[in-house]
Amino acid sequence: MKAARLGLLAALGGAALVYGLASDGLSTHGARSIAAEAAAAQPTTVGNFMLVDENLNAHELYRMADKPAIVLITQMDGCPISRSQAPAYKELEQAFAGKGVQFLMLNSATQDNREAIQQEAKDAGFDMPILLDQNQLVGEALGVKRTAEVIVINPKTWQVVYHGPVDDRSDYGGGQKPVEHRYAADAIDAVLAGKPVQQASLPAKGCLIDFPARAQAQNITYVHDVAPILEKNCVGCHEKGGIGPFAMDSYDRVKGFSPMIREVLMTHRMPPYNADPHVGKFSDNKNLTPQELKTIVHWVEAGAPRGEGADPLAAHQHVAQDWPLGKPDLVLDVPAFTIPATGVVDYKHPWVQNPLTEGRWIRATTIKVEQRQGVHHLLTGYMKDVPKPGEPAYENRWGVSVGGYAVGAESEISPPDVGSYLPPGGAIGIQAHYTPFGKEATDHSKIGVYFYKPGETPKYVMHGGVVVDNTITIPPNEPRHHEIAYLTFPHDALLYSAFPHAHYRGYAADLWIRYPDGKEKLLISLPRYDFNWQRDYTFAEPLKVPAGSKLIAHWIYDNSKENPANPDPTKTITWGEQSWQEMFYTAIRYRWLDETSDHQLPKYDEDLNSKRMLGMLDDNVDGKLQKAELKGQMGDMLGKYFAVLDKDNDGTLSMAELTEAQKLMGNRRKAPSTSAEAFASAEKGSTK
């Protein structure tokens, strides 16, 4: 009998632990009661942070400043309390429908991954975005301990005005009782009315969430823990003469910037690498590891202690190299240009003579920009014929690229045994976009070219292309406008990298592959695009693209007042060259699988580009154009003659019919500086 009673008590104790209680009713943290947990100091003000949700959509707290209230509800997969309260959460959300309140869930459980959270949301009926806080830094900052905690934030002050249960209906073990107090709703009502919340903190009955780093955050110091991380990951930019705004050259300097370091880490502005770690693997990944990230944030939160010993960053001077890849084999001087203090500068098309007397294979390029604030981008292309003095070097005459630059970009480096051929003589055409930034300045950019050794020929040929859409139309006051375009590969290829590019309203981007059998795979996701840091994302393993596959790019634009970079949210935005206009542009680098440097296939690029117009307009990706899909200037032209072009009268334009339409449009104008084709030309990597 005694043994049976002990067994029963053990079973009850085990069940209690599942719900976060020991069998004596105390929390598993020890003698503290749940009430004591609730009474513990809660954060009064919330710092900015950015997290992605289970569908890879980014949410930045301070970009919700126009919301009347923000509500976070803590969640963990498999917690029966969270699941049982799904109807209560839905009721809460519906009670404030139409009032602008932002509802989000927060998952700080280290054991839950994105796919599992997606399934949990489906199974439990959660219809709010679930933020992935897998580094637990947001949950720690908010003082989260359990699931089923409702956190109400007032965006006017960024204060947590309520932290507790949604109401009083639920109990441990899944029990439900009639609702007497709707605590969360009362708190939100108070915020909306501009009144103080009567009960700001109450105990919530939920599953305990393990925050192991809380206990491990002790004894972190600059000397022993933080400086080595900065040396490895940050000093390469934050050094004298580097692109970083200050040099990380001493403890005092780093400590002085430590609050800002924490903010840019919490908002993912730094490191400047926007590819989401949940999707794909990249050879040029600049992100900190989760442990490195938590070490720095916890160090800042602990007051940035120095620790004993010599200062590692002050031990020797860090100075940016003149050329990060070493001295180039060839340096081309971009013609100097004086950027005015104000106004609009149209695209410039200068050129430089190619000094090579014999052809060479390019293995890498670096464009060194002098006026980083004023240079939006520089693109290049080989020209067989040297233009006349003063004649613009328009892109429709270009061949192989000799390097490119956009804001924040780094060197272009080809994989081993892959390159592009630069013929002798001729000229290098340049497309230059300069942007005034408040003071007059003269830019003297330089192009550094690195060749394979004389007589050394790589086996494979690098090519460049672009998924582009110059028909985009973004409505005013639209926070999440979606656009799509694709590129169909006519032959087998190997994909090396992707370079997403948009302007101030670009919010997020991704790139998918749809195989000939219809299966799809997400290759890269940028939940938050940053105009200030544009780069190639190089896959750790090149991706095979079978003939007939489509590379499908999506762009999301924020043309609302939530976007701090938006020049004017009241305007309809279309494709345009200037930064206050917009672009849909994802450049790629690839090679054809059955092409070698000894057996080049220039027609393959022509085959690829011949279907670009269909990929721009075909928004449902069915291989045909419906009249409803026609938009932009190109769509207007096709729409006027749709009935004539639709030879088989099936209500759509096939690829063959569209090709015929392109022939009827006649030759493109000689200066395609405002068309998508200009940018496509600028990315060509064929050896013409």
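We use all heavy atoms of the structure for the numbers below, so side chains are in, but hydrogens, waters and symmetry mates are not.
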* Asked: Are Tyr590 and Tyr496 close enough, and set up right, to give a ring-ring contact (aromatic ring centres under 6.0 Å, His included), and what steps lead you there?
  -> CA-CA 5 Å; Tyr590 62 93; Tyr496 288 106; 8.9 Å; no
Residues, nucleotides or ligands: over 12 heavy atoms within 6.0 Å of [X] [atom1]:
| X | atom1 | answer |
| --- | --- | --- |
| Glu520 | CD | yes |
| Tyr641 | OH | no |
| Lys368 | NZ | yes |

* Sort and list the pairs that fulfil salt bridge (Lys or Arg N to Asp or Glu O under 4.0 Å) and have at least one residue in residues 437-446, not counting sequence neighbours. =>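 Sorted pair list: Asp333-Lys446.
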* Asked: Parallel, tilted or perpendicular: which describes the rings of Phe584 and Trp555, with under 30° parallel and over 60° perpendicular?
  ->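 The arrangement is perpendicular - the two ring planes meet at more than 60°.
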* Assign the ring pair His503 / His376 to parallel, tilted or perpendicular, where the plane angle (0 to 90°) is split at 30° and 60°. =>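 Rings of His503 and His376: perpendicular, over 60°.
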Ring centroid separation [X] to [Y] under 6.0 Å:
| X | Y | result |
| --- | --- | --- |
| Phe499 | Tyr537 | no |
| Phe489 | Trp592 | yes |
| His377 | Tyr347 | yes |

* At what distance, to the nearest 0.5 angstrom, does CZ of Arg589 lie from OG of Ser414? ->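 So the CZ of Arg589 and the OG of Ser414 are separated by 5.0 Å.
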* Structure fact -> Here the gap from Asp469 atom CG to Asp619 atom CG, rounded to the nearest 0.5 Å, amounts to 7.0 Å
Under a 3.5 Å cutoff, is there a donor and acceptor pairing between the side chains of [X] and [Y]?
| X | Y | result |
| --- | --- | --- |
| Glu391 | His349 | no |
| Asp594 | Tyr604 | yes |
| Gln431 | His433 | no |
| His463 | Glu595 | yes |
| Thr538 | Ser497 | no |
| Glu582 | Asn559 | no |
| Asn563 | Tyr504 | no |

* Are Asp558 and Arg63 ion-paired here, with the side-chain N under 4.0 Å from a carboxylate O? -> yes
* Could Lys640 and Asp636 be called an ion pair, given the rule that one side-chain N must be under 4.0 Å from one carboxylate O? ->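 The answer is no: the pair does not qualify as a salt bridge.
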* Taking all heavy atoms of Val400 and all of Pro423, pick out the closest pair and write down the distance. => CG1-CD, 4.5 Å
* Asked: If every non-hydrogen atom of Phe531 is compared with every non-hydrogen atom of Gln534, which pair is closest and at what distance?
  -> O-NE2, 2.8 Å
* Asked: Which pairs count as side-chain hydrogen bond (donor to acceptor under 3.5 Å, both in side chains) when at least one residue sits in residues 541-550, sequence neighbours excluded?
  ->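 Non-adjacent pairs meeting side-chain hydrogen bond (donor to acceptor under 3.5 Å, both in side chains): zero.
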* Asked: Counting only N and O atoms by type, is there a donor-acceptor contact under 3.5 Å from the side chain of Ser411 to the main-chain atoms of Ile413?
  -> no
* Side chain of Arg505, backbone of Trp580: donor and acceptor closer than 3.5 Å? ->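 A pair under 3.5 Å: yes.
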* Asked: Thr574 and Thr473: side chain to side chain donor-acceptor pair (under 3.5 Å), yes or no, with the steps?
  -> CA-CA 5 Å; Thr574 57; Thr473 302; over 6 Å; no
* To do: Only one of Val331, Leu332, Thr366 passes side chain to side chain contact (heavy atoms under 4.5 Å, CB included) with Ile447; say which it is.
  =>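 The single option meeting the side chain to side chain contact (heavy atoms under 4.5 Å, CB included) with Ile447 is Leu332.
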* To do: Taking the six-membered ring of Tyr273 (Phe, Tyr or Trp), confirm whether the NZ or CZ of Arg535 is under 6.0 Å from its centre and within 45° of its axis.
  => no
